[in-house]
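First up is the structure itself, then whatever we jot down about it.
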Amino acid sequence: MENAALLKAIIENAIDGIITINSHGIIESINPAACNLFQYSPGEVIGKNVSVLMPPPDKDLHDGYINRYQNTGKAHIIGFGREVKGLKKDGSVFPFRLGVSEVQFSGRKIYTGFIHDLTREKEAEERLKDYAVHLEELVEERTISLKHSVSELLQAKEEVSLSLEKEKELGQMKSRFVSMASHEFRTPLSSIQLSAILVEKYAQEFSNPNISKHIAKIKTSVGNLTGILNDFLSLEKLEAGKVEPVFTEFNLVKFGEEITEEMQLVAKQNQNIIYQHTGTTSVFKLDPALLKNCIINLISNAIKYSGENTFIEFNTEVASDQLVVVVKDNGIGIPENDQKHLFEAFFRAHNTGNISGTGLGLNIVARYVSLINGTVQFESKVNYGTSFTLTFSQS
């Protein structure tokens with residue numbers, strides 16, 4: 001009795017549905033789980049054929065399950081283990097997995113059906129299928145989009161290549177033009193400069209201030225135009241990557257004196273460039289051509305932005321394997337708000353007025369100084385002048 005009570009308790013509390021039928025397919029018992037699944041009370045199904053719980057085609061085939069088992073001659077167990085459909089009382093259908101086994105009881109055969117509801121599993125499967133379809137559609141959409149993007153990218157690449165080729169051709173044409181123009185203008189400008197100097201020399205005996213005044217204007221204009229040409233030629237070479245430093249030892253004193261003599265020729269009336277060298281040695285290893293360009297640019301600015309009857313200081317100093325070059329004037333100075341933009345290409349301070357210039361000189365100086373591993377610093381105050389300091393380590 002105790003075993004029977006235990007067995008009954010197990011059946012009554014089983015999660016899966018359990019139904020027993022006789023050899024004719026008549027329902028003899030049904031547990032609560034099966035009642036919940038099919039929405040019937042025990043009294044509504046016990047005594048009826050189990051086909052009442054099955055929709056077509058399972059309803060039409062269920063008798064074949066029993067006959068098939070009876071014809072196999074295999075004892076005790078028949079495991080259909082297949083997915084079938086269940087018919088609920090409200091007419092709805094749900095999927096379940098059916099297992100059938102034979103039980104010998106009181107000299108007769110009883111068939112027990114174990115019903116495992118697959119509704120949640122099927123819903124999960126459908127969600128997975130829908131998600132898979134969505135992924136496939138998404139992949140296809142992204143693939144098409146990617147193909148379009150690749151096509152557009154290839155087209156853009158081709159356009160960029162053509163554009164770069166044209167830009168390269170234009171760059172080469174510009175380079176050739178700048179070089180040609182610089183050299184073509186340089187020769188007549190040198191002749192004009194020399195002629196102005198000779199005229200000034202020959203006119204000294206006449207002591208005519210008007211002659212000196214106009215000669216000074218000629219010299220200044222020629223100097224300005226020469227500076228502009230030099231700036232554009234230097235910028236073109238820098239942009240084309242044609243500037244390669246050549247480090248050699250040279251005598252700073254001779255170097256400084258030559259620059260001073262050259263720049264004194266283009267200075268304004270009674271402007272004096274004072275050169276001084278200090279240090280235990282005058283020999284230094286650097287690129288003299290690039291250094292000369294930097295110093296000439298700085299002295300040219302000092303001449304332009306300082307008045308007549310002024311001094312321009314040009315100093316070189318060698319100490320502890322370091323070269324310091326200083327160019328100082330007492331000209332118009334640089335406004336504080338403009339100082340942060342001073343080394344930008346084509347930038348000119350707001351107080352330059354009608355003084356000619358390209359705004360390239362200091363940009364070129366900064367780039368040349370960087371090429372020969374140096375630094376550039378400056379101090380300036382409006383109406384009190386400007387001082388530039390170039391510092392280089394021994395190469």
Side-chain angles (χ1 to χ4, degrees), residues 1-140:
M1 293 294 293
E2 185 177 346
N3 289 339
L6 177 60
L7 180 60
K8 182 179 180 182
I10 292 173
I11 293 172
E12 293 292 318
N13 292 282
I15 296 175
D16 287 341
I18 301 174
I19 298 177
T20 60
I21 61 174
N22 62 19
S23 58
H24 300 292
I26 303 303
I27 299 173
E28 293 191 354
S29 69
I30 181 170
N31 75 337
C35 288
N36 289 334
L37 283 174
F38 291 99
Q39 300 176 340
Y40 284 107
S41 65
E44 291 177 300
V45 294
I46 291 176
K48 294 183 178 180
N49 193 287
V50 72
S51 63
V52 73
L53 303 179
M54 296 181 180
D58 294 309
K59 181 175 183 179
D60 302 326
L61 297 174
H62 92 279
D63 287 336
Y65 299 155
I66 303 299
N67 293 333
R68 204 174 300 122
Y69 168 74
Q70 291 172 341
N71 293 332
T72 61
K74 293 182 179 178
H76 304 301
I77 185 72
I78 176 168
F80 299 106
R82 64 187 295 270
E83 182 185 317
V84 294
K85 301 291 184 182
L87 181 63
K88 296 187 177 185
K89 184 178 179 180
D90 62 6
S92 60
V93 177
F94 70 97
F96 66 89
R97 180 167 286 110
L98 174 65
V100 180
S101 63
E102 174 196 341
V103 178
Q104 295 288 341
F105 182 73
S106 300
R108 64 193 184 95
K109 294 178 180 178
I110 301 296
Y111 300 96
T112 304
F114 299 90
I115 302 165
H116 178 70
D117 186 13
L118 296 176
T119 301
R120 289 185 178 180
E121 286 88 337
K122 287 298 176 182
E123 289 175 351
E125 284 180 12
E126 288 302 317
R127 285 197 297 271
L128 284 174
K129 286 179 182 178
D130 291 342
Y131 185 63
V133 170
H134 173 69
L135 282 179
E136 288 178 3
E137 292 174 349
L138 188 61
V139 168
E140 185 177 357

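Since this is a predicted model, take the numbers as computed values, not measurements.
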CG of Asn31 to CG of Leu37: how many Å apart, nearest 0.5 Å?
8.5 Å
Can you see which heavy atom on Ala34 is nearest to which on Ile19, and at what distance?
CB-CG1, 4.1 Å
Any idea which heavy atoms bring Pro55 and Lys85 closest together, and the distance?
CD-O, 3.1 Å
Scanning both residues in full, the closest heavy-atom pair of Ala14 with Ala33 reads O-CB, 3.4 Å
side-chain hydrogen bond (donor to acceptor under 3.5 Å, both in side chains) against Asp16, all qualifying residues, sequence neighbours excluded:
His116
Taking the side chain as C-beta and beyond, is there a heavy-atom pair between Phe94 and Lys88 under 4.5 Å?
yes
For Thr112, which residues count as a side-chain hydrogen bond (donor to acceptor under 3.5 Å, both in side chains) partner, sequence neighbours excluded?
none
side-chain hydrogen bond (donor to acceptor under 3.5 Å, both in side chains) contacts in which one or both residues fall within residues 124-137, not counting sequence neighbours:
Lys122-Glu125
Please enumerate all residues that pass side-chain contact (heavy atoms from CB on, under 4.5 Å) together with Ile26, with sequence neighbours excluded.
Asn22, His24, Asn49
Show every salt bridge (Lys or Arg N to Asp or Glu O under 4.0 Å) that has at least one partner inside residues 31-42, sequence neighbours left out.
none
Decide yes or no for Pro42 and Cys35: does some side-chain heavy atom of the first lie under 4.5 Å from some side-chain heavy atom of the second?
yes
For Leu135, does the CG atom sit with more than 12 other heavy atoms under 6.0 Å from it, leaving out its own atoms?
yes
By side-chain contact (heavy atoms from CB on, under 4.5 Å) - contacts of Val139 (at least two apart):
Thr143
Would you say Ile18 and Ile115 make side-chain contact, with heavy atoms under 4.5 Å?
no
Which residue pairs pass the salt bridge (Lys or Arg N to Asp or Glu O under 4.0 Å) test when at least one of the two sits in residues 24-51, sequence neighbours left out?
Glu28-Arg108, Glu44-Lys89
Between OG of Ser29 and CD1 of Ile21, what distance do you get to the nearest 0.5 Å?
10.5 Å
Test log, rule side chain to side chain contact (heavy atoms under 4.5 Å, CB included), inputs Leu98 and Phe114:
CA-CA 6 Å; Leu98 174 65; Phe114 299 90; over 6 Å; no
My understanding is that only residues two or more places apart in sequence, or in another chain, count here; which of them pass side-chain hydrogen bond (donor to acceptor under 3.5 Å, both in side chains) with Asp117?
Thr119
Which one of Leu53, Val52, Leu87 satisfies the side chain to side chain contact (heavy atoms under 4.5 Å, CB included) criterion with Phe38?
Leu53
Rounding to 0.5 Å, atoms CD1 (Ile30) and CD1 (Ile27) come to a distance of 6.0 Å
